[in-house]
Number of protein chains: 2
Amino acid sequence: MTAGSSKVSRAQRSQKASRHITINDIAKRAGVSKTAVSFAFNVPGRLSEKTTQHILQVAREMGYTPNPIARSLNTRRTNTLGVLLPQDISIAMRNPFFAELLSGIGEVCSAHGLSLLLVPPLRGSLVEATYAALIDGCIVTGLEADDPATRALRQRRIPFVMVDVEPEEDIPAVSVDDAAGAYFAMKHVLELGHHRIGIASFVSFTGRLEEYTGTLGRRFNGYLRALHEHGLTLDNEHVRLVECSCDVEGGKLAFHQFWSSRQGITAIVALSDVIAYGVVQAASEQGVRIPQQLSVVGFDDLEFSRLLRPPLTTVRQPIREKGRLAAEMFARLYHNEPLEQHTLRLPVELVVRQSCAPPQS
Amino acid sequence: MTAGSSKVSRAQRSQKASRHITINDIAKRAGVSKTAVSFAFNVPGRLSEKTTQHILQVAREMGYTPNPIARSLNTRRTNTLGVLLPQDISIAMRNPFFAELLSGIGEVCSAHGLSLLLVPPLRGSLVEATYAALIDGCIVTGLEADDPATRALRQRRIPFVMVDVEPEEDIPAVSVDDAAGAYFAMKHVLELGHHRIGIASFVSFTGRLEEYTGTLGRRFNGYLRALHEHGLTLDNEHVRLVECSCDVEGGKLAFHQFWSSRQGITAIVALSDVIAYGVVQAASEQGVRIPQQLSVVGFDDLEFSRLLRPPLTTVRQPIREKGRLAAEMFARLYHNEPLEQHTLRLPVELVVRQSCAPPQS
DNA sequence: TGGGGGTGATAAACTAGTTCAATAACCGCA
DNA sequence: TGCGGTTATTGAACTAGTTTATCACCCCCA
């Protein structure tokens, strides 16, 4: 290294590394100020038509396009809506629930020219993820109002709407009566005469049963209410609980656990349709006939549940609608328009199809 | 308005509007330079432990978190991987293909701490969308190498990997032999003895049949080759084409068009499993028995196709794997590591299940 | 010729951080 | 006490744009 090389200026060095073309390059080349270049791109009518066209022509020739990050720094807009996911993307996307939710959210994104950012935990922390996400706001899924990540959003004044959360004053949210839905599902199974029942639950266990929170907790409350009305409890003898991942694979594993336990389970209540799919698939593979030998109920009524073999009895919740409404609420917050209602609660209903029957006598 | 009010400085005004807390506020409050604050957050060991802790303490007290946009402007990193979608998010998400693809891409995102940005056309233009997207690179779906959006990425030196594209020198891509897969599917139907066949295609028509491009064009080539081998052509008499949206609803509409035409169609070949789902559902609703009265073949082998009633005969392509490999290629580009192979071609195979049978005599 | 009004263009300040290069402080040792 | 070598800290420049406030210019009219 020569003495001279250390004197190479920063500008020269970055020149060498084929620097990106910036607004300054265009300004110089076009013989105008960078303000003019900015106006040419952003404020139609602010410059004379001649100047505007000249600047845009120069920009085209040099292949210039304004840096969206620098622009965002000024405008404080990213034109991006985040979706906070409590799990990794690869896991969430195994549950068609999210595809339907995103489809609903996406309708609103198109209308407002927004992109959609999937925000999973960063290095294990959703709070970290919210710090790093380049978003104008977000839809929060699978979290409660007192979650650290939710608090982080509030503190940073990032507008957000929660989905599937216990309704709480002044927190915009779109929910569903999970407890009622679960109650209907379990009641249906009980009224068919089942009393050896497996509950296939996705995991978010935090200790004892009373500590189940969120969607899981609410659905459990519904199940337990129906069980109590029929004099049953989660005693592991009549009613057994198995936890699994919220995907087809999880449902298959759950089925095998129930079936190998030889407790004579005649019905499986799944906390999610996709888990029910796995149960049905594993049962078919084992030659267990549904609903003759085993009844299965789900929760969600995904678009494909009616196409299942047999068509799945389940609890319908309007998932796409939920996404759309949540995103619409966000859009109002985003544009500082008042919300008519802070919390929406959408209806659920039991959809009886062909995956349940009375137990074999 | 008084004369005084016009003299209110900018700082005072923004103060009033409860300005965001910046690195300067923390520096002042902690009695250090903003360089020190930056180091405290980003370069462990660069400051004394005492100073670092003091700064972080002050930051915590004031609820400060570095602005990710300003940070990105310097670091030139957004830690976001884009997925370029040729349609609106709400439409794409109606096809479980994307959920599976995203699931694969998501595996790599987790490993590298990336978020995933869904980038649909902005004001009708994907090129515009690429200009505005805050991403470090992207996975391009449903586009060809000579698409304007692809060119825009190249020009702006945004690293990208294409998915489902005609392999081309030096463009990183992960594809599948669509033509071969389609050939297998059509051949299977023909060998069962069908000669009145409906093709249910998603839309991307650009004029005459020879102008089909991309995935659509490649699959058509496969279908046509098999048809030719059996002396058939797309003549609208024996083999009829219907275009529909790529979702369950589209498949249902396609079925109704085929069935109402009363051309005695005995088999429907769908360009996508999700379209086949719609065909099967509409057929069931009409009391048309599959495969006895109507054979159906799909393309994709989505996770749920084996659970369909009846289980769907289809062409398997490893979608999740495709997403994962594409994302891994991107990760290498992103870290300036050399690619072992620029283009990958994954295998397809016909999966014979129960939705096809010989035509009723 | 002077002044008002409108248009077109710009210099400078601003967005909120990171990074470079230089300095200050400290420690041990001669 | 002086000096070399770390270690800790900082001012200034830099990222790439937008925005504000001002100015120059031209036309019209008095």
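Chain A is the first sequence line, chain B the second, and so forth, proteins listed ahead of strands; every chain is numbered from 1. Given the structure is predicted, the values throughout are model-derived calculations rather than measurements.
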Seminar exercise, completed: Residues pairing under ring pair (Phe, Tyr, Trp, His ring centres under 6.0 Å) where one sits in residues 43-87 of chain A, two or more places apart or in two chains, turn out to be Phe41(A)-Tyr64(A)

For this session: Using only heavy-atom distances, decide whether a donor-acceptor pair under 3.5 angstrom links the side-chain of Thr22(A) to the base of dG17(D).
Result: no

Problem set entry | Options dG17(D), dT19(D), dA13(D), nucleotide nearest the side-chain atoms of Ile23(A) | dG17(D)

Exercise. Looking at Ser33(B), does any N or O in its side chain come under 4.0 Å of the phosphate oxygens OP1/OP2 on dT10(D)?
Worked result: yes

Give the table of side-chain donor-acceptor pairs shorter than 3.5 Å for residues 159-171 of chain B, with sequence neighbours excluded, one pair per line with atom names and distance.
{"from": "Asp164(B)", "atom 1": "OD1", "to": "Lys322(B)", "atom 2": "NZ", "distance (Å)": "2.6"}
{"from": "Asp164(B)", "atom 1": "OD2", "to": "Lys322(B)", "atom 2": "NZ", "distance (Å)": "2.9"}
{"from": "Glu166(B)", "atom 1": "OE1", "to": "Arg218(B)", "atom 2": "NH1", "distance (Å)": "3.4"}

Seminar exercise, completed: Out of dT18(C), dT18(D), dT20(D), minimum distance to the side chain of Asn74(B) belongs to dT18(C)

For this session: Ignoring hydrogens and angles, state whether a donor on the side chain of Gln57(B) or Glu61(B) is under 3.5 Å from an acceptor on the partner side chain.
Result: yes

Exercise. Nearest-Å distance, CZ (Arg77(B)) to P (dT18(C))?
Worked result: 15 Å

Exercise. Does the dG17(C) base have a donor-acceptor partner in the side chain of Asn67(B) within less than 3.5 Å?
Worked result: no

For this session: Ignoring the backbone of Lys34(A), work out which of dT19(D), dG17(D), dT15(C) is nearest its side chain.
Result: dG17(D)

Problem set entry | Interface with DNA chain C, restricted to residues 42-66 of chain A and to heavy atoms under 4.0 Å | Arg46(A), Leu47(A), Ser48(A), Thr51(A)

Seminar exercise, completed: When rounded to whole Å, the CZ to C1' distance for the pair Phe39(A) and dT18(D) reads 8 Å

Seminar exercise, completed: note: Arg156(A), atom CZ; dA16(C), atom C1'; distance rounded to Å ~ 12 Å

Exercise. Between dT19(D), dC20(C), dT10(C), which nucleotide has the shortest distance from any of its atoms to the side chain of Thr75(A)?
Worked result: dT19(D)

For this session: Determine whether Thr65(A) and Gln155(B) make a side-chain contact, defined as any pair of heavy atoms from C-beta on separated by less than 4.5 Å.
Result: no

For this session: Would you indicate what Val37(B) reaches in the nucleic acid, counting non-hydrogen atoms under 4.0 angstrom: base, sugar-phosphate, or nothing?
Result: nothing

Donor-acceptor pairs under 3.5 angstrom involving side-chain atoms of residues 26-34 of chain B: please list them, not counting sequence neighbours.
{"from": "Ser33(B)", "atom 1": "OG", "to": "Thr35(B)", "atom 2": "N", "distance (Å)": "3.4"}
{"from": "Ser33(B)", "atom 1": "OG", "to": "Ala36(B)", "atom 2": "N", "distance (Å)": "3.1"}

Seminar exercise, completed: Residue pairs meeting salt bridge (Lys or Arg N to Asp or Glu O under 4.0 Å), one or both in residues 64-90 of chain B, sequence neighbours left out, come to none

Exercise. Please, which pairs that meet ring pair (Phe, Tyr, Trp, His ring centres under 6.0 Å) have at least one residue in residues 68-92 of chain B, sequence neighbours excluded?
Worked result: none

Exercise. The side chain of Arg71(A) lies closest to which of these nucleotides: dT10(D), dG17(C), dG17(D)?
Worked result: dG17(D)

Exercise. So, is Ser38(B) close to the dT18(C) phosphate, meaning a side-chain N or O under 4.0 Å from OP1 or OP2?
Worked result: yes

Seminar exercise, completed: Separation of dG17(C) atom C1' from Phe41(B) atom CZ, nearest Å, is 12 Å

For this session: May I have all residue pairs that pass ring pair (Phe, Tyr, Trp, His ring centres under 6.0 Å) and include part of residues 137-159 of chain A, sequence neighbours excluded?
Result: none

For this session: Please round to 10 degrees the angle between the axis of the first five pairs and the axis of the last five pairs in the helix from dT1(C)-dA30(D) to dA30(C)-dT1(D).
Result: 70°

Problem set entry | With sequence neighbours excluded, residues passing side chain to side chain contact (heavy atoms under 4.5 Å, CB included) with Ala132(B) | Leu122(B)

For this session: Whole angstrom is fine here: how far is it from OH in Tyr131(A) over to C1' in dA16(C)?
Result: 17 Å

Exercise. Of the nucleotides dT18(C), dA16(D), dA12(C), which has the atom closest to the His20(A) side chain?
Worked result: dA16(D)

For this session: Figure out the CD1/C1' separation between Ile21(A) and dA16(D), and round it to whole Å.
Result: 14 Å

Problem set entry | Atom-to-atom span, CD1 of Ile69(B) to P of dT18(D) - whole angstrom | 14 Å

Exercise. To the nearest angstrom, how far is Asn24(A) atom CG from dT18(D) atom P?
Worked result: 12 Å

Problem set entry | side-chain contact (heavy atoms from CB on, under 4.5 Å) partner of Leu84(A), the single match among Thr130(A), Asp147(A), Thr141(A) | Thr130(A)

